[in-house]
Each structure stands twice: as C-alpha cells, then as structure tokens.
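This report concerns only the one structure given below.
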Amino acid sequence: MSTFDTIPQTKEESLVEVLLRLADDRLIHGHRLSEWAGHGPELEEDLALANVALDMIGHASSLYSYAAELEDKPDEDHYAYFRDDIDFKNIAMVELPRGDFAFTIARQFLFSSFSYFLYKELQDNVEDEQFNGMIQKHFKEIKYHLRHSREWVLRLGDGTDESHRRIQEAFDEIWMYTGEMFELDDADREAIKHNFYVNVTEFQDDWRNLVNSVLEEATLSVPDYEQYMFTGARRGRHTEHLGPLLAQMQFLRRSYPDAEWK
C-alpha cells in the first residue's frame with residue numbers, strides 16, 4: 001500500500017493498512033518518548049517513560065512483523081527504516097516535538113485514553129486470530145500507560161501554579177490534533193467491513209467523558225472541541241516535524257543497511 005488516499009483493494013491489503021496505521025502511531029510516539037531517556041524530572045519517572053517508550057516500540061514491532069509476513073517483506077525494519085515521511089500513516093499528534101514534561105504527559109494521556117477505547121473495541125470485534133492476539137497482549141500495557149499519565153495530569157494540574165500553567169498550556173496547544181484520532185476515511189470503512197477495524201466515532205463520547213472528568217478533577221479547563229482540527233497525516237500530509245525525526249531515527253540503518261551486531 002502507498003499513500004495519498006489510496007484505498008485497499010483486497011482484504012489482505014486492508015489488514016496491512018490497519019496494521020501500519022497502528023504501528024506507525026506507536027513507533028513515532030515511542031521515539032518521541034525515548035528522547036526523555038536521561039532527561040526525566042526524577043529517576044523513577046525517567047525509567048517509567050523509557051519503559052512506556054519500549055512498550056510502544058514493541059507494539060509497533062509486532063504489528064510491522066505481521067504486515068511484513070502478509071506483504072512478503074524481509075522484516076519489520078523495512079517499514080521502520082526504509083520508508084519516507086509521506087509513506088508513514090501516523091496521526092500528527094505523535095510526531096510533534098517532545099516539548100516540556102507537561103506537554104509529554106498531556107500527549108501521553110490523550111493518546112493512551114484513545115488507545116484504551118480503541119483496543120477495547122478491537123479485541124471484541126477483530127476476527128483475525130493473530131491480530132486479535134496482539135491486541136489483547138498490548139491492551140494490558142495500554143491500561144498501565146493510561147493510569148500512569150492520568151495520575152501525572154492530576155498531579156501537575158492540581159499542583160503548583162507553575163505546573164498548573166504548563167499542563168494547561170500543553171492541553172491548549174495539542175487540542176487541535178485530537179480530532180484526527182476520530183476521523184474515518186475510505187480505508188477505515190473498508191477495514192470495518194472485514195472486521196479489521198472499528199467505528200471510532202462510536203466511542204468518541206466515552207473518550208470525551210473520560211478526558212473531561214480527569215481535566216476537571218485536575219482543576220484544568222477543557223479546551224473547545226469545536227475549534228479547528230488538523231487533518232491529513234493518515235494520508236501522508238504530515239507536519240514539518242516528521243522528516244527530521246525520521247532522518248535521526250533512520251540514519252544508521254540506511255547508511256549501513258547490511259550491518260550486523262558481532
């Protein structure tokens with residue numbers, strides 16, 4: 001499958017499209033989290049963010065591996081290291097620069113809460129046995145990611161004036177990228193027909209209720225859901241931030257494609 005509004009033509013292509021969208025979200029998000037290694041606000045949190053990053057990249061790896069098996073590609077590295085930015089299908093929110101700690105927590109909470117409802121629905125509806133097995137395994141870790149980020153939102157929002165200001169600014173800044181999580185395009189609708197994906201709009205109210213309740217408990221204002229929302233990253237129209245991220249991430253593998261650990 002390629003980019004820019006290409007619709008899967010077969011059942012297998014439809015499954016690959018879903019696998020790549022989920023995997024790209026998690027690889028790019030995991031890479032952004034990994035940038036915190038050695039820079040966390042405290043040792044325990046430094047380790048926690050590194051563990052969440054490893055979970056994300058691990059989820060991406062298993063999803064890529066299944067896609068590689070279906071498309072007869074060498075391995076998961078093909079998708080992570082040998083595609084250009086327009087070929088990546090991740091939402092824009094995960095590719096934004098890491099920002100400060102409050103921005104990282106706000107993004108983690110919004111993405112984890114969406115992933116929680118998405119994977120909950122997927123594990124009840126996906127019929128492909130191998131794909132469903134991955135979903136069930138990853139869901140256990142997603143619940144931890146959500147709990148961890150929720151606790152930090154409460155801690156920062158209801159903390160000092162400085163922490164409150166920063167986490168509020170983070171939610172205000174990132175809000176315009178949340179709409180993309182609930183978009184449905186023709187590729188999604190094709191995947192839903194084959195029971196590879198679910199209608200994400202059906203749990204949007206549940207997601208909003210969860211987000212609203214946590215922000216209000218944290219004494220934070222809920223941004224306007226009706227504001228302008230960024231769109232197009234799923235179809236290759238990314239922000240200017242993805243190219244530099246991929247250049248850093250892919251440099252070694254592309255420079256020495258046949259290199260091996262000795």
Side-chain angles (χ1 to χ4, degrees), residues 20-64 76-77 79-81 83 85 88-119 134-135 137-157 163 166-167 169-171 173-175 177-178 180-181 211 214 230 233 238-253:
L20 294 183
R21 290 185 178 199
L22 293 176
D24 287 348
D25 282 349
R26 282 143 190 83
L27 177 69
I28 301 302
H29 194 185
H31 183 84
R32 283 300 187 209
L33 285 173
S34 73
E35 293 174 343
W36 276 100
H39 300 280
E42 55 191 36
L43 182 57
E44 185 178 357
E45 188 55 24
D46 203 273
L47 296 172
L49 288 176
N51 279 327
V52 176
L54 283 173
D55 287 344
M56 289 285 186
I57 294 170
H59 296 180
S61 177
S62 60
L63 293 162
Y64 283 144
E76 64 269 31
D77 287 356
Y79 299 108
Y81 297 118
R83 287 185 298 156
D85 52 357
F88 273 76
K89 304 168 186 296
N90 58 277
I91 55 174
M93 184 167 74
V94 299
E95 70 196 38
L96 300 175
R98 77 176 195 191
D100 64 9
F101 182 66
F103 184 88
T104 294
I105 290 300
R107 171 164 54 189
Q108 182 67 48
F109 172 67
L110 293 170
F111 184 73
S112 293
S113 54
F114 170 74
S115 297
Y116 170 81
F117 288 111
L118 174 62
Y119 272 58
M134 293 178 196
I135 293 164
K137 182 180 178 182
H138 299 170
F139 186 58
K140 297 174 185 174
E141 292 166 341
I142 288 170
K143 288 190 285 188
Y144 163 74
H145 301 164
L146 176 57
R147 184 168 65 251
H148 171 262
S149 56
R150 176 186 175 278
E151 289 172 354
W152 267 107
V153 170
L154 297 176
R155 188 173 169 183
L156 295 176
S163 69
R166 289 196 180 202
I167 192 78
E169 288 180 355
F171 277 112
E173 182 181 350
I174 206 169
W175 208 253
Y177 297 95
T178 59
E180 207 172 30
M181 295 188 293
V211 170
V214 173
F230 183 95
H238 293 281
T239 70
E240 70 273 23
H241 307 295
L242 183 61
L245 181 154
L246 292 177
Q248 181 189 51
M249 188 181 77
Q250 296 177 334
F251 167 73
L252 187 63
R253 191 70 173 86

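What you see is a predicted model, and the numbers here were worked out from it, not measured in a lab. As a basis for the values below, the full set of heavy atoms in this structure was taken, side chains included, without hydrogen atoms, waters or symmetry mates. Each residue takes its place number in the sequence, starting with 1.
- The shortest side-chain heavy-atom distance between Y64 and D24 falls under the 4.5 Å cut-off.
- The two atoms that bring I28 and V94 nearest to each other are CG2-O, 3.6 Å, heavy atoms only.
- Using modelled atom types, one finds a donor on one side chain and an acceptor on the other under 3.5 Å when comparing H59 with E141.
- Under the 3.5 Å distance criterion, with hydrogens and angles disregarded, no donor-acceptor pair is assigned to the side chains of H148 and S112.
- Using a 4.0 Å cut-off between charged side-chain N and carboxylate O, D55 and R26 make no salt bridge.
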Quiz prompt | Stepwise side chain to side chain donor-acceptor pair (under 3.5 Å) test for S115 and H138 | solution = CA-CA 10 Å; S115 297; H138 299 170; over 6 Å; no
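- For Y81, there are no ring-ring contact (aromatic ring centres under 6.0 Å, His included) partners, not counting sequence neighbours.
- Residues F171 and L110 form a side-chain contact, since some pair of their non-hydrogen atoms from C-beta on lies under 4.5 Å apart.
- A donor-acceptor contact closer than 3.5 angstrom is absent between the side chains of E45 and W36.
- Every residue two or more places apart in sequence or in another chain was checked for a ring-ring contact (aromatic ring centres under 6.0 Å, His included) with F109, and none qualifies.
- A salt bridge links R32 with E35: at least one charged nitrogen is closer than 4.0 Å to a carboxylate oxygen.
- Remark: aromatic rings of F139 and Y116 are close, center separation under 6.0 Å.
- Geometrically, R83 engages F88 in a cation-pi contact defined by less than 6.0 Å to the ring centre and at most 45° from the axis.
- Remark: A92 pairs with E95, Y177, E180, F230, A233, T239 by the side-chain contact (heavy atoms from CB on, under 4.5 Å) rule, at least two apart or across chains.
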